[in-house]
Structures are given as structure tokens and as C-alpha cells.
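Below you'll find the structure, written out as C-alpha cells, and then a few comments.
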Amino acid sequence: MTSITVRNIEDDLKRRLRIRAAEHGHSMEEEARRILREALGEGEAAAETTAPEKGLATQIHELFAPLGGVDGIEFPKLGGLKPVEFE
């Protein structure tokens with residue numbers, strides 16, 4: 001595989017790409033690849049042949065969703081610990 005660099009992208013276009021990628025649960029790079037595949041006629045069939053990338057936040061969400069999300073987790077109290085002092 002090869003890489004390309006796209007320069008001089010308008011701020012609004014980058015923002016919309018970031019939002020669209022988040023809505024689909026993957027990176028901006030993966031979203032751009034999917035858009036290019038679709039625009040060049042490869043469509044969803046080609047996109048489905050490659051495993052979609054899952055971002056870290058998506059993986060964490062999927063891991064904790066059955067437990068009620070992150071808000072449902074009780075973290076232990078760390079009482080008795082003293083802060084580290086630097087001199």
C-alpha cells in the first residue's frame with residue numbers, strides 16, 4: 001500500500017471529516033479511505049472486505065457498555081495515601 005498527503009484542506013472540511021469519522025466509529029484516515037473508495041466506484045462492497053478500524057474510545061465503549069458504561073464502575077477509595085512531595 002502507498003500513502004498520499006493532502007495539503008491545504010479547509011478547516012471546515014477537516015472538521016466535517018472528523019465528525020463524520022466519529023459518527024462511523026473510526027479514524028479520519030479510515031473515513032477518507034472509505035470516501036475515496038465510494039467516489040471511485042468501489043462502493044461499500046470493497047469497504048466491507050477490509051476490517052474496519054476501531055478507535056480506542058470505541059473499544060473502551062464496547063467493553064464497558066454491558067456494565068452500564070463507565071459511569072456504572074465504582075473505583076476504590078485511595079484513603080490513607082499521602083501526596084508525593086518534590087523538593
Side-chain angles (χ1 to χ4, degrees):
M1 297 215 169
T2 188
S3 298
I4 63 171
T5 301
V6 181
R7 300 186 198 289
N8 301 321
I9 296 176
E10 297 86 4
D11 291 338
D12 183 60
L13 183 62
K14 181 181 175 185
R15 181 186 62 78
R16 291 186 297 155
L17 178 62
R18 180 177 42 82
I19 291 169
R20 181 174 165 161
E23 289 172 347
H24 293 133
H26 43 258
S27 69
M28 286 176 42
E29 287 184 350
E30 178 61 22
E31 187 66 25
R33 283 189 288 269
R34 289 171 179 249
I35 291 169
L36 286 170
R37 283 186 199 108
E38 186 177 323
L40 297 174
E42 295 181 26
E44 288 298 315
E48 291 174 3
T49 60
T50 60
E53 293 180 16
K54 289 185 182 178
L56 178 60
T58 302
Q59 293 177 32
I60 291 171
H61 173 75
E62 289 175 354
L63 180 65
F64 289 105
L67 304 173
V70 178
D71 294 331
I73 299 172
E74 291 187 28
F75 294 96
K77 304 286 185 202
L78 299 176
L81 295 178
K82 297 179 183 176
V84 177
E85 295 182 22
F86 296 98
E87 297 179 24

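Residue numbers count from 1 along this sequence. None of these values were measured; they are calculated from a predicted model.
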Distance check, rounded to the nearest 0.5 Å: [X] atom [atom1] versus [Y] atom [atom2]?
| X | Y | atom1 | atom2 | value |
| --- | --- | --- | --- | --- |
| Q59 | E62 | CD | CD | 7.5 Å |
| R33 | M1 | CZ | CE | 8.0 Å |
| R16 | M28 | CZ | CE | 12.0 Å |
| H24 | I19 | NE2 | CD1 | 12.5 Å |

Worksheet item: Any chain of hydrophobic side-chain contacts (each under 4.5 Å) joining L36 to L17?
Response: no
Smallest heavy-atom separation, A21 atom then S27 atom, equals CB-O, 3.5 Å
Residues [X] and [Y] bridged, charged N to O under 4.0 Å:
| X | Y | answer |
| --- | --- | --- |
| E38 | R34 | no |
| E31 | K14 | no |
| R15 | D12 | yes |

Residues joined to V6 in its hydrophobic cluster, side chain to side chain under 4.5 Å directly or through other members, sorted by chain and number, are I4, I9, L13
Applying salt bridge (Lys or Arg N to Asp or Glu O under 4.0 Å) to E29 and not counting sequence neighbours gives none
